[in-house]
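Below, chains carry the letters A, B, ... as their sequence lines are ordered, and counting in each starts from 1. Hydrogens, waters and symmetry mates play no part in the numbers below; they use all other heavy atoms, side chains included.
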There are 2 protein chains.
Amino acid sequence: MINIESKIEVLKQKCAEANMRLTPQRIEVLKMIASTDTHPDAETVYESVKEVMPFISLDTVYRTLASLEDLGLIFKVDNELPKSRYDADLSPHCHFICLKCGAVYDIHMDNHIEPPKESFKYGEVLQTNLQVKGICHKCRG
Amino acid sequence: MINIESKIEVLKQKCAEANMRLTPQRIEVLKMIASTDTHPDAETVYESVKEVMPFISLDTVYRTLASLEDLGLIFKVDNELPKSRYDADLSPHCHFICLKCGAVYDIHMDNHIEPPKESFKYGEVLQTNLQVKGICHKCRG
DNA sequence: GTTATTATTAGTAATAATTACTAATAAGGA
DNA sequence: TCCTTATTAGTAATTATTACTAATAATAAC
């Protein structure tokens, strides 16, 4: 479980460093993603944040997600589904993705994955992600 | 390098099994993807196939890609880029993806990746993919 | 605290990628 | 060779995301 208060604190610092403003929209969007393990898409974030901030626009949600990603506070889950899914958990873990319903489950790991040696042949390595895909128990019925 | 003739042979068999027709469009789309290691997107496949088949439609390319994926002859490369990229190489390998230009390079491996044990908690595992992301040499200049 | 600056936002329009629809076509079995 | 029906071309529609613009509000300077 992510400590939301400390996440907000990091947002505060990173915004100051990047000359970006600490707006309530940024705080709410980050809070929403950090408080769930469902890896929501932009639309879901929008619907959820609207409950406490009825006039927020979908555009703002998309822009805010991009900003938070730039600041390194959240990242997109790699998938081949039409909608991008977001994750605020920066601890070493990977994902089980259901090919039928699109559900994303966390698989916790002791360490981040080491990139294969051949990787460095192609450029500077910034992240290494592992996805496990299959059919979740719910979809199997 | 993929043996294209044997790929077409597999397409033939799989189509017969699945009560699907062996159309020239399917052959050309598969040929195109199997003959490159650039992991092209739908638009690129379309432009390329149009050279030998000028009246093919983009819709057919999309439908054909989906069919070939269903038959297990090609698969989508996991990424967070706006366009889906396709791969016909079924041997054990993963991808280096450049975050700047979107280039996808193959990283060959001796064996397919073992899914972490926790994976099975969530459902039936069908595939395990590893992506290495960074900035490629060309983009570093 | 007040004011000024300008990053950010709401609302909406536009774009990009993909999917759906329909009449015409052609693959493959009889 | 004919028939059945899966598939296609051409185009329209949908979906996810991004861009635009005037209005707003976060922060710094006074």
Looking only at heavy atoms, the pair that brings A/A103 and A/R85 closest together is CA-NH2, 4.4 Å
The reported gap from NZ in A/K133 to SG in A/C98 (rounded to nearest 0.5 angstrom) is 11.5 Å
Does either side chain, that of A/S91 or that of A/D89, offer a donor lying less than 3.5 Å from an acceptor on the other one? yes
Shortest non-hydrogen pair, B/D78 vs B/I97, comes out as O-CD1, 3.4 Å
Of B/K83 and B/L22, the one whose nearest nucleotide on DNA chain C sits closer to the 5' end is B/K83
Check your understanding: Going through the distances and angles, do A/D87 and A/H95 end up as a side-chain hydrogen bond (donor to acceptor under 3.5 Å, both in side chains)?
Key -> CA-CA 10 Å; A/D87 193 340; A/H95 297 112; 2.9 Å; yes
Atom CZ of B/R85 and atom C1' of C/dT18 are separated, to the nearest Å, by 17 Å
Taking N or O atoms only and anything under 3.5 Å, show me the protein contacts with nucleotides 2-4 of chain C, one pair per line.
none

- Tell me whether the OP1 or OP2 atom of D/dT17 has a side-chain N or O from A/Y62 closer than 4.0 Å. yes
Contact string for nucleotides 4-11 of chain D, one letter per nucleotide 5' to 3', B = base within protein heavy-atom range under 4.0 Å, S = sugar-phosphate only, - = neither, reads BBBSBBBB
| message | Under 4.5 Å between side-chain heavy atoms, counting indirect links through other Ile/Leu/Val/Met/Phe/Trp/Tyr residues: same cluster for A/L73 and A/F75 or not? | response | no
Rounded to whole Å, CG of B/L11 lies from C1' of C/dG28 at a distance of 15 Å
>> Would you say NZ of A/K31 has more than 12 non-hydrogen atoms from neighbouring residues, nucleotides or ligands within 6.0 angstrom?
In response: no
A/E43 CD to D/dT14 C1', in whole Å, measures 14 Å
From CG of A/D41 across to C1' of D/dT15 the rounded distance in Å is 12 Å
**Message:** Testing the 3.5 Å rule here: is there a donor-acceptor pair between the side chains of A/D70 and A/S67?
**Reply:** no
Shortest non-hydrogen pair, B/Y105 vs B/C136, comes out as CE1-CB, 4.0 Å
The helix from C/dG1-D/dC30 to C/dA30-D/dT1: angle between terminal helix axes, five bp per end, to the nearest 10 degrees, reads 40°
B/E69 atom CD is separated from C/dT18 atom P, nearest whole Å, by 12 Å
List the steps and the verdict of side-chain contact (heavy atoms from CB on, under 4.5 Å) for B/K14 and B/M20. CA-CA 8 Å; B/K14 295 255 185 184; B/M20 285 169 60; over 6 Å; no
In whole angstroms, the gap separating P of D/dA26 from CD of A/E28 amounts to 13 Å
Using a 6.0 Å cut-off, check whether atom CG of A/N3 has over 12 heavy atoms from anything other than its own residue. yes
